[in-house]
Amino acid sequence: MSEPRPARVHGRHFTVEQANGALPSVKPLLQRLRDTRDLLTDEEAHSALSDAAPTNGGGDSGTQVGEAFLEVRRLLLALHEAGIMVRDIDRGLIDFPALFDDREVYLCWELGEDEVAWWHELDAGYRGRQQL
């Protein structure tokens, strides 16, 4: 009797070729995500928002923070719907679910790398990266 296959965590899996093929569209999304997220952490915007909020809802600063929040949410959702796991916005670190020897793993990539050249077990994280 054969062992039962473990349940799959992800509904979509990428080959290395598919993950590399997605990079031209994923890179600008990650860069935009990082830039937009920076608007949420801008101290001047938060300070102005805090000062203005009691009287008028935040004005321009409130609009900037609100629009940035919605854009970050939209970008994260777009990547999630594509089956890509965002791990670290600052680094542009993402994982592509994949199958390796009939088990689920992640193909790991971050902004600045030329191609998807690393993988790790589902529970290993970045420190468990191994070269393909």
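Note that these values count all heavy atoms, side chains included, but never hydrogens, waters or copies made by symmetry.
- Proximity of L111 to R34: side-chain heavy atoms (C-beta onward) are separated by under 4.5 Å at one or more points.
- Taking hydrophobic clusters as Ile, Leu, Val, Met, Phe, Trp and Tyr residues chained together by side-chain heavy-atom distances below 4.5 Å, L75 shares a cluster with L70.
- Annotation for G83 and P97: closest pair O-CD, 3.0 Å, computed over non-hydrogen atoms.
- Every salt bridge (Lys or Arg N to Asp or Glu O under 4.0 Å) that D90 has, sequence neighbours left out, goes to R37.
- Both cation-pi conditions hold for R12 and F14: the charged atom is under 6.0 angstrom from the six-membered ring centre and inside a 45 degree cone around its axis.
- Residue H120 holds its NE2 atom at 14.0 Å from CZ of F100, rounded to the nearest 0.5 Å.
- Other cluster members for Y126: L93, joined by side-chain heavy-atom distances under 4.5 Å among Ile, Leu, Val, Met, Phe, Trp and Tyr.
- At a threshold of 4.0 Å, the pair E110-R87 does not count as salt-bridged, since none of the basic side-chain nitrogens sits closer than that to a carboxylate oxygen.
- We find the CD1-CG distance between I84 and L76 to be 11.5 Å, quoted to the nearest 0.5 Å.
- For the residue pair A98 and L107, the shortest heavy atom distance occurs at CB-CG, 3.6 Å.
- For the atom pair L33 CG and L79 CG, the distance stands at 7.0 Å (nearest 0.5 Å).
- If you run side chain to side chain donor-acceptor pair (under 3.5 Å) between E104 and each of H10, H13, R8, only H13 comes through.
- Within the hydrophobic cluster formed by Ile, Leu, Val, Met, Phe, Trp and Tyr side chains joined at under 4.5 Å, directly or through other members, L122 is accompanied by V9, M85, Y106.
- Around atom CZ of R91, more than 12 heavy atoms belonging to other residues, nucleotides or ligands sit under 6.0 Å away.
- Across all non-hydrogen atoms, the minimal contact from T36 to A68 is CG2-O, 3.4 Å.
- Contact record, L132 with V116: CD1-O, 3.6 Å, taken as the closest heavy-atom pair.
- Under the 4.5 Å side-chain criterion, counting only non-hydrogen atoms from C-beta, R32 is in contact with E71.
- Of all heavy-atom pairs between W118 and Q131, the closest is CE3-N, 3.4 Å.
- Within the model, atoms CD of E67 and CG of L39 stand 10.0 Å from one another, a figure rounded to the nearest 0.5 Å.
- The two residues V26 and I94 come nearest to each other via the heavy atoms CG1-CD1, 3.6 Å.
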